[in-house]
Amino acid sequence: MALLIILITCLMVILATSQPCQTPDDFVAVTSPGHIMIGGLFAIHEKMLSSEDHPRRPQIQKCVGFEVSAFLQTLAMIHSIEMINNSTLLSGVKLGYEIYDTCTEVTAAMAATLRFLSKFNCSRETVEFQCDYSSYMPRVKAVIGAGYSEITMAVSRMLNLQLIPQVSYESTAEILSDKIRFPSFLRTVPSDFYQTKAMAHLIQKSGWNWIGIITTDDDYGRLALNTFAIQAAANNVCIAFKEVLPAFLSDNTIEVRINQTLEKIIAEAQVNVIVVFLRRFHVFNLFNKAIERNINKIWIASDNWSTATKIITIPNVKKLGKVVGFTFRRGNISSFHTFLQTLHTHPNDNNKPLHEYAVLFSACEHVKDSDLSRCIYNYSQGTLTYRVNKAVKRNFFMRNDFLWHFTEPGLIHSIQLAVFALGYAIRDLCQARDCQNPNAFQPWEQTLSKCSKECSPGEMKKTTRSQHICCYECVSCPENHYSNQTDMDHCILCNNETHWAPVRSATCLEKEVEYLNWNDSLALLLVALSLLGIIFVLAIGIIFTRNLNTPVVKSSGGLLVCYVILLCHFLNFASTGFFIGEPQDFTCKTRQTLFGVTFTLCVSCILMKSLKILLAFSFDPNLQNFLKCLYKPIPIIFTCTGIQVVICTLWLIFAAPTVEENVSLPRVIILECEEGSILAFGTMLGYIAILAFICFIFAFKGRKLPENYNEAKFITFGMLIYFIAWITFIPVYATTFGKYLPAVEIIVILISNYGILCCTFFPKCYVILCKQETNTKSAFLELIYSYSSHSAGNLAMSHTSLDSTNSNITMTHPSPSENTAAWQKSKDLQAQPVAQICRENVTKFSKTFPRKRISSI
């Protein structure tokens with residue numbers, strides 16, 4: 001019975017389903033009037049027929065191969081426009097539409113575009129040539145489509161002439177983001193840049209590094225191939241082969257190229273992962289033939305076909321292996337489901353695809369659902385139509401869930417976004433004008449109108465709670481992030497080691513390399529202070545040389561000792577120069593060791609001077625014997641300095657300071673000397689501190705010796721300045737960072753150096769220059785004699801007090817009768833020895849002490 005019905009159906013064929021257009025109106029697929037007209041481009045048919053190898057007459061041919069998925073996309077645009085018309089978004093303004101079938105051919109799409117560009121409300125439908133189209137009123141205000149990037153690019157170049165907004169729901173070619181070449185193009189899907197990047201990342205994370213690629217020979221395929229190749233190389237993925245298929249099914253060589261591609265896949269047995277940038281009909285034909293050859297691979301699907309229901313209907317499709325795909329973001333399309341439930345109530349007089357679908361559905365009404373799409377496709381290859389009666393319409397209604405199961409949610413949602421984006425743009429334009437008048441505005445006025453304003457470079461999109469991805473907020477990129485294109489979904493992180501970016505930046509800026517430069521004002525000040533210190537050292541050296549034989553110079557240890565100390569000060573001041581300028585390995589290793597050794601030598605010499613002064617004026621025999629044993633100037637100086645040399649040598653051998661780039665700061669790279677070992681650095685400074693502390697103790701004990709020739713008090717002050725400076729240095733150095741860190745150590749070196757230099761030599765220079773009368777041998781002897789006599793007297797009185805105490809102890813407990821007489825006698829007897837002892841002791845010390853002290857000094 002079923003076979004009889006099918007035969008009757010075939011006999012009732014009376015006319016071709018899709019005829020060549022005879023008039024421009026025949027070319028329109030779907031139309032509906034309105035105040036503002038929106039154009040639509042959809043590949044409702046798979047290809048355009050041609051009876052010859054190449055066209056001989058310039059006419060639009062018939063299209064065959066009805067695509068249910070593209071038909072659903074057309075319905076999605078119609079449904080979205082009806083939603084706007086039935087809402088309050090455009091109060092009182094109705095949107096109309098003209099939808100054309102591109103037949104997956106650039107030629108048909110260009111013909112439709114010419115009609116879009118024709119002058120509005122003109123009986124002859126002509127496209128006028130003008131130098132300025134600002135006041136030109138075309139047939140439509142905007143265009144939705146096309147789906148394929150190759151067609152979209154061709155259409156966009158024509159629409160650019162009048163800056164008619166074009167919003168694509170599926171074209172993902174990265175080149176379409178170029179606003180120079182495609183200024184009026186917009187889309188509701190991301191570009192292939194993100195898709196290819198995700199593919200390469202997925203392949204790399206899955207451990208695959210030997211893959212094949214199949215793409216189409218058009219702009220979309222070539223651009224996707226190039227972009228993916230770059231991303232694959234960045235992820236260490238190698239491409240074994242690249243196969244390119246003809247872009248259109250009307251190409252007679254497509255079957256041959258598909259067979260060659262399959263042979264290549266079989267030959268490359270080690271390739272188990274294949275990335276496919278093809279259209280649905282390419283994949284459909286490729287997979288059918290691959291199943292015949294028992295090819296089993298992992299197929300990485302592009303968003304063009306990853307959710308295509310048509311691919312799922314291929315018999316034994318699971319034998320192909322696994323398919324991993326990327327698709328568009330989905331949204332709420334429940335209202336579209338309701339629209340499909342009531343599709344039978346819509347008139348199909350001005351909807352040729354709906355009428356054709358009803359005819360094809362009627363021809364396949366007895367086919368089960370799993371084979372329905374294939375049946376529709378096969379029947380659409382021929383030239384049949386069917387007289388649709390009421391019974392067929394009822395059956396059509398009963399099986400309309402077939403369309404819902406064939407729906408690709410991501411694409412439907414993308415089309416809805418495109419239509420609503422135009423709706424919001426028109427709403428904004430119509431707030432200040434009467435849009436019921438078709439001449440209220442030109443298309444180019446809404447080119448920049450969107451649900452949300454365009455995010456400029458330096459900003460990124462932040463989605464709101466709205467279901468529409470076209471509605472978002474623009475937020476500034478945070479510091480060290482940038483965005484270099486409009487409407488970027490996220491900001492890109494700069495390489496923090498070499499680059500930085502301020503807030504809301506469109507590019508990464510290269511970090512500046514900084515260090516304590518010679519041109520820096522602080523560096524110039526420190527250099528000036530160092531030079532001043534060197535001048536002081538040279539001046540003191542000249543003064544001491546010219547006054548070589550004076551008591552002050554001799555009491556300072558002689559010219560040789562003074563020269564050694566002054567040389568140390570000179571080198572300390574000079575060492576600050578190694579802290580300034582661009583760090584080099586040599587300067588990093590030299591500056592700390594030079595300072596450490598020379599400062600140690602300086603403190604060692606001052607330590608010997610303190611020890612000598614204490615030895616010269618000490619009256620305690622035990623202390624004097626100890627100091628005499630300890631006082632070995634040259635061995636002690638060499639030993640103290642040698643220990644520091646060993647410390648610095650070990651430091652340089654095992655953990656030498658090196659040049660390091662400090663990238664922790666957000667905007668600059670600090671070129672600095674990394675000390676290599678904090679332990680070695682601390683040991684060097686700690687050793688100097690120990691010597692300085694010993695020197696301080698000896699100097700403190702001799703602080704009350706003769707004023708004009710006594711250095712002990714000033715050495716004590718110098719060591720105190722050193723301790724204060726370096727104790728302050730530790731927390732400051734630990735908490736300071738940046739290019740001024742070396743300046744901290746320079747300042748401490750200058751303070752300690754100036755403190756010791758001033759306290760050691762300035763008082764002597766003052767005596768030499770301003771108190772010349774005290775810088776004579778006689779004045780020196782008089783001062784020593786006076787100090788010796790005073791010290792001897794004190795010492796004699798101490799002995800006398802001790803003797804009288806002992807005498808008093810022996811005379812205790814006298815008898816009462818003899819108490820008064822005995823006390824008087826004892827008093828007389830004690831008075832004479834005390835006076836005599838004092839005179840003898842003073843005479844003895846005054847004769848022997850001056851000569852002895854002068855010779856020791």
Side-chain angles (χ1 to χ4, degrees), residues 147-150 153 170-176 189-249 251 253-291 293 295-308 311 314 317 320-328:
Y148 297 118
S149 297
E150 176 84 2
M153 281 185 263
E170 193 179 10
S171 299
T172 57
E174 187 178 359
I175 192 175
L176 288 167
V189 291
S191 76
D192 281 332
F193 171 81
Y194 302 101
Q195 180 181 202
T196 54
K197 185 176 182 179
M199 284 181 172
H201 189 67
L202 170 67
I203 292 169
Q204 189 265 336
K205 287 295 183 181
S206 301
W208 305 321
N209 62 3
W210 192 238
I211 64 167
I213 299 179
I214 307 175
T215 186
T216 52
D217 188 16
D218 56 8
D219 287 339
Y220 165 75
R222 287 188 293 269
L223 291 169
L225 176 61
N226 292 337
T227 305
F228 177 78
I230 294 172
Q231 298 289 350
N235 286 274
N236 298 320
V237 176
C238 299
I239 300 173
F241 61 84
K242 304 173 185 176
E243 292 296 317
V244 181
L245 300 182
F248 304 102
L249 286 182
D251 193 314
T253 65
I254 191 165
E255 295 294 329
V256 176
R257 292 294 299 123
I258 288 177
N259 289 329
Q260 291 174 352
T261 299
L262 293 174
E263 290 173 4
K264 185 69 174 179
I265 293 173
I266 295 172
E268 293 285 350
Q270 291 183 327
V271 176
N272 291 313
V273 178
I274 301 174
V275 179
V276 182
F277 291 102
L278 296 175
R279 299 178 182 178
R280 292 176 180 83
F281 51 77
H282 287 98
V283 178
F284 185 82
N285 293 341
L286 178 70
F287 279 6
N288 273 307
K289 291 185 179 295
I291 292 172
R293 299 189 181 213
I295 295 176
N296 186 289
K297 302 289 182 182
I298 296 175
W299 309 86
I300 308 296
S302 66
D303 48 32
N304 256 355
W305 64 275
S306 59
T307 58
I311 308 300
I314 298 175
V317 69
L320 286 167
K322 296 180 180 179
V323 177
V324 180
F326 292 83
T327 185
F328 302 125

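Positions are given from 1, in the same order as the sequence printed here.
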**Request:** Any chance you could lay out the side-chain contact (heavy atoms from CB on, under 4.5 Å) test for Phe277 and Leu223, step after step, and finish with the verdict?
**Result:** CA-CA 10 Å; Phe277 291 102; Leu223 291 169; over 6 Å; no
**Prompt:** Who are the salt bridge (Lys or Arg N to Asp or Glu O under 4.0 Å) partners of Glu263, not counting sequence neighbours?
**Reply:** none
**Asked** With distance as the sole criterion, is a donor-acceptor pair present between the side chains of Ser302 and Asn304 under 3.5 Å?
**Response** no
**Message:** As a quick check of understanding, evaluate side-chain contact (heavy atoms from CB on, under 4.5 Å) for Ile274 and Ile265, giving each step before the final call.
**Reply:** CA-CA 9 Å; Ile274 301 174; Ile265 293 173; 3.6 Å; yes
**Fill in**
Value for CZ (Arg279) from OG (Ser149), rounded to nearest 0.5 Å, stands at 8.5 Å
**Prompt:** Considering only heavy atoms from C-beta outward, does the side chain of Asn235 approach that of His201 to under 4.5 Å?
**Reply:** yes
**Asked** Is a donor on one side and an acceptor on the other found under 3.5 Å between the side chain of Thr327 and the backbone of Thr307?
**Response** no
**Check: Asp192 and Thr227 side chains under 4.5 Å, non-hydrogen atoms** = no
**Request:** Indicate the atoms forming the closest heavy-atom contact of Ala301 with Met199, along with that distance.
**Result:** O-CE, 3.5 Å
**Request:** Would you give the length of the straight line joining atom CD1 of Ile258 to atom CZ of Phe287, rounded to the nearest 0.5 angstrom?
**Result:** 11.5 Å
**Message:** Working to the nearest 0.5 angstrom, can you tell me the gap between Asn259 CG and Lys264 NZ?
**Reply:** 15.5 Å
**Request:** Given side-chain contact (heavy atoms from CB on, under 4.5 Å), test Ile311 with Phe284 step by step and report yes or no.
**Result:** CA-CA 6 Å; Ile311 308 300; Phe284 185 82; 4.2 Å; yes
**Request:** Go through Ile203 and Val275 one step at a time and tell me if the side-chain contact (heavy atoms from CB on, under 4.5 Å) criterion holds.
**Result:** CA-CA 10 Å; Ile203 292 169; Val275 179; 3.8 Å; yes
Identify every side-chain donor-acceptor pair in residues 204-215 under 3.5 Å, counting partners at least two apart or on other chains, and give the distances.
residue, atom, partner, partner atom, Å
Ser206, OG, Leu202, O, 2.8
Thr215, OG1, Gly221, O, 3.1

**Item:** Closest non-hydrogen atom pair, Pro246 against His282
**Value:** O-NE2, 2.6 Å
**Asked** So which heavy atom on Ala269 is nearest to which on Lys297, and how close?
**Response** O-NZ, 3.8 Å
**Message:** To the nearest 0.5 Å, what is the distance between NZ on Lys289 and CD1 on Ile291?
**Reply:** 12.0 Å
**Asked** If you look at every heavy atom in Trp305 and Val276, which pair is closest and at what distance?
**Response** NE1-O, 3.2 Å
**Complete:** With sequence neighbours left out, the residues meeting salt bridge (Lys or Arg N to Asp or Glu O under 4.0 Å) with Asp303 are none
**Request:** Identify the heavy atoms of Thr216 and Val244 that sit nearest to each other, and give their distance.
**Result:** C-CG1, 3.7 Å
**Asked** Roughly how far, to the nearest 0.5 Å, is CD1 of Ile295 from CG of Leu320?
**Response** 8.5 Å
**Item:** Residues Gln231 and Thr196: side-chain donor-acceptor under 3.5 angstrom
**Value:** no
**Request:** Kindly compute the distance separating CD1 (Ile300) from CD (Gln195), expressed to the nearest 0.5 Å.
**Result:** 11.0 Å
**Message:** Keeping Ser171 on the side-chain end and Gly147 on the backbone end, is there a donor-acceptor pair under 3.5 Å?
**Reply:** yes
**Asked** Between Thr172 and Pro190, which heavy-atom pair has the shortest distance, and what is it?
**Response** CG2-O, 3.5 Å
